[in-house]
Amino acid sequence: MPELPEVETVCRGLAPFMEGRTLARVDQRRKDLRFPFPKQFAKRLVGRRVERIRRRAKYILISLDDGAVLIIHLGMSGRMTITPPGRCAPEPGKHDHVVFGMDAGAVIMFNDVRRFGLMDLGREDTLDQHPLLCDIGPEPLGNVFSGAYLSERLKGRKTPIKSALLDQKIVAGLGNIYVCEALYRAGISPKRLASTVAGVRAERLVPIVRNVLEEAIAKGGSTLKDYVQTDGELGYFQHEFAVYGREGEPCPGCDCKTSVQRIVQSGRSTFYCAKRQR
DNA sequence: CGGCCAACCTGTGCGC
DNA sequence: TGCGCACAGGTTGGCC
């Protein structure tokens, strides 16, 4: 379920178990995910101390004490499992593709059924130029992402606003769920051409996108603790969505019979209220 | 270049 | 019970 808020939550969950600790053991259990692993992957990681964990777009960035950065993307089905120090880690299963053993005893497993995820190694000092990161747009929670910025980027775009917001070059980290939710809150139809959102609608949309993401991060943070305590799974907390996955249900606050509709846009489900979103 | 679609891969749930 | 199909939260590469 990894969009920006989930990836942020995973980063925060990993940090206490990895930051300042050394990678004592790295077990790479297959040769590729979406792409092949880099050469000498495990070997280049073992013995390195983790300095910092952070997120950029939907990427997890783990900087190491030799200037390398482990870049991880969870794809559609990737997840991280943590077994805290002192507890017995389960045997890796069929879809546990990488196992990280920390010197303090924590065991972190990367699990990804569909293998749309990826891992790569970059350099801290040139990370901006890394092929996976160099074309990505501004963070939606940062200062660059303003009404003026979004407006400018939507100008002249003939694609639906839904598709434009999913475009990681325009803004980083939004996925199918949070785009649906943000457009619902903003009262903007997902079918509306992006160019017609430039201007006042874009000004309105930007703070709504921020709020949707911040709320989701806050909820992730509050459920995170419990998850690590119980079965160690990170990234699988259930949010309550207004429209996503609610086809046929009345949307919150709708007094009419109009219910949430599901349509398909460029091959992906969009959920929206045709009455409230224009 | 902009925009659309298929493809990557596995699992699950539903209709017949 | 089994089969086939639709669908799943992401991204890319190829085509027009």
Side-chain angles (χ1 to χ4, degrees), chain A residues 1-11 29-37 55-60 71-80 93-97 110-120 130-137 140 152-184 190-198 209 212-213 215-217 219-220 223 233-248 261-272:
Chain A
M1 53 166 21
E3 296 184 34
L4 184 152
E6 290 75 30
V7 177
E8 180 65 32
T9 301
V10 169
C11 286
R29 300 170 50 77
R30 55 175 295 129
K31 65 179 191 317
D32 59 9
L33 294 170
R34 201 171 97 212
F35 305 127
F37 282 88
R55 178 194 59 74
R56 167 80 172 108
K58 296 169 195 165
Y59 290 91
I60 299 165
I71 302 167
I72 301 175
H73 197 291
L74 299 174
M76 295 271 268
S77 56
R79 60 179 89 176
M80 292 291 190
K94 185 180 172 189
H95 302 299
D96 291 318
H97 305 307
F110 172 83
N111 178 290
D112 185 7
V113 171
R114 294 176 72 183
R115 303 203 305 274
F116 289 172
L118 68 87
M119 292 195 194
D120 198 7
H130 190 283
L132 292 168
L133 302 171
C134 64
D135 286 329
I136 287 179
E152 184 59 33
R153 294 302 306 267
L154 297 180
K155 251 184 223 168
R157 282 277 199 144
K158 309 215 35 151
T159 199
I161 184 65
K162 160 92 188 298
S163 306
L165 293 177
L166 283 175
D167 185 345
Q168 303 294 299
K169 291 176 184 158
I170 295 182
V171 57
L174 291 181
N176 207 28
I177 291 179
Y178 294 104
V179 167
C180 290
E181 294 295 306
L183 288 174
Y184 168 74
K191 294 192 279 192
R192 176 178 277 281
L193 287 192
S195 57
T196 71
V197 177
V209 166
V212 166
L213 296 175
E215 284 174 28
I217 290 171
K219 280 195 184 151
T223 48
E233 280 200 16
L234 283 179
Y236 271 75
F237 44 91
Q238 192 56 55
H239 297 306
E240 287 181 11
F241 305 119
V243 287
Y244 187 85
R246 294 189 181 277
E247 181 181 19
Q261 294 184 28
R262 174 182 170 275
I263 59 172
V264 175
Q265 292 180 289
S266 45
R268 314 202 56 196
S269 290
T270 299
F271 297 89
Y272 78 114

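FYI, side chains are in, hydrogens and waters are out, and symmetry mates aren't considered; it's all heavy atoms of this structure. Protein chains get the first letters and strands the later ones, always in sequence-line order, with residue 1 at the start of each.
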Looking only at the side chain of [X] (C-beta and beyond, no hydrogens), which of the listed nucleotides [options] gets closest?
{"X": "Lys158(A)", "options": "dG3(B), dT10(B), dC4(B)", "result": "dG3(B)"}
{"X": "Asn176(A)", "options": "dG9(C), dT10(B), dT11(C)", "result": "dG9(C)"}
{"X": "His95(A)", "options": "dG11(B), dC9(B), dT11(C)", "result": "dG11(B)"}
{"X": "Arg114(A)", "options": "dC5(B), dT11(C), dC9(B)", "result": "dC9(B)"}
{"X": "Val113(A)", "options": "dG11(B), dC9(B), dG9(C)", "result": "dG11(B)"}
{"X": "Arg157(A)", "options": "dC7(C), dT12(C), dG3(B)", "result": "dG3(B)"}
{"X": "Arg262(A)", "options": "dG3(B), dT10(B), dC7(C)", "result": "dC7(C)"}

d([atom1], [X]; [atom2], [N]) in whole Å:
{"X": "Met76(A)", "N": "dT11(C)", "atom1": "CE", "atom2": "P", "result": "10 Å"}
{"X": "Lys162(A)", "N": "dG3(B)", "atom1": "NZ", "atom2": "C1'", "result": "15 Å"}
{"X": "Asp135(A)", "N": "dG10(C)", "atom1": "CG", "atom2": "P", "result": "19 Å"}
{"X": "Leu33(A)", "N": "dT10(B)", "atom1": "CG", "atom2": "C1'", "result": "14 Å"}
{"X": "Arg34(A)", "N": "dG13(C)", "atom1": "CZ", "atom2": "C1'", "result": "11 Å"}
{"X": "Leu118(A)", "N": "dG13(C)", "atom1": "CG", "atom2": "P", "result": "12 Å"}
{"X": "Phe116(A)", "N": "dG9(C)", "atom1": "CZ", "atom2": "P", "result": "11 Å"}
{"X": "Arg268(A)", "N": "dT12(C)", "atom1": "CZ", "atom2": "P", "result": "13 Å"}

Quick check: does any side chain N or O of Arg153(A) sit under 3.5 Å from a backbone N or O of Lys169(A), one acting as donor and the other as acceptor?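 Indeed, once roles are kept as given, a pair shorter than 3.5 Å links the two residues.
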At under 4.0 Å between heavy atoms, what does [X] touch on the DNA or RNA strands: base, sugar-phosphate, or nothing?
{"X": "Lys94(A)", "value": "sugar-phosphate"}
{"X": "Gly267(A)", "value": "nothing"}
{"X": "Ser163(A)", "value": "nothing"}

Going by purine N1 to pyrimidine N3 plus the second Watson-Crick contact, or the G-U wobble pair, all under 3.5 Å, which nucleotide sits opposite dC7(C)?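 Base-paired to dG11(B).
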I want to check something: taking the side chain as every heavy atom from C-beta on, are [X] and [Y] in contact at a cut-off of under 4.5 Å?
{"X": "Phe271(A)", "Y": "Ile177(A)", "value": "no"}
{"X": "Glu6(A)", "Y": "Leu74(A)", "value": "no"}
{"X": "Lys191(A)", "Y": "Ile263(A)", "value": "yes"}
{"X": "Ile72(A)", "Y": "Met80(A)", "value": "yes"}

Looking only at atom [atom1], what distance separates [N] and [M], rounded to whole Å?
{"N": "dC7(C)", "M": "dC5(B)", "atom1": "P", "answer": "15 Å"}
{"N": "dC9(B)", "M": "dC3(C)", "atom1": "P", "answer": "23 Å"}
{"N": "dG9(C)", "M": "dG3(B)", "atom1": "P", "answer": "23 Å"}

OP1 or OP2 of [N] less than 4.0 angstrom from a side-chain nitrogen or oxygen of [X], does that happen here?
{"X": "His73(A)", "N": "dT11(C)", "result": "yes"}
{"X": "Ser77(A)", "N": "dC9(B)", "result": "no"}
{"X": "Gln168(A)", "N": "dG10(C)", "result": "no"}
{"X": "Lys169(A)", "N": "dT11(C)", "result": "no"}

Can you see which heavy atom on Phe35(A) is nearest to which on Leu118(A), and at what distance?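 So the two residues come closest at CE1-CD2, 3.8 Å.
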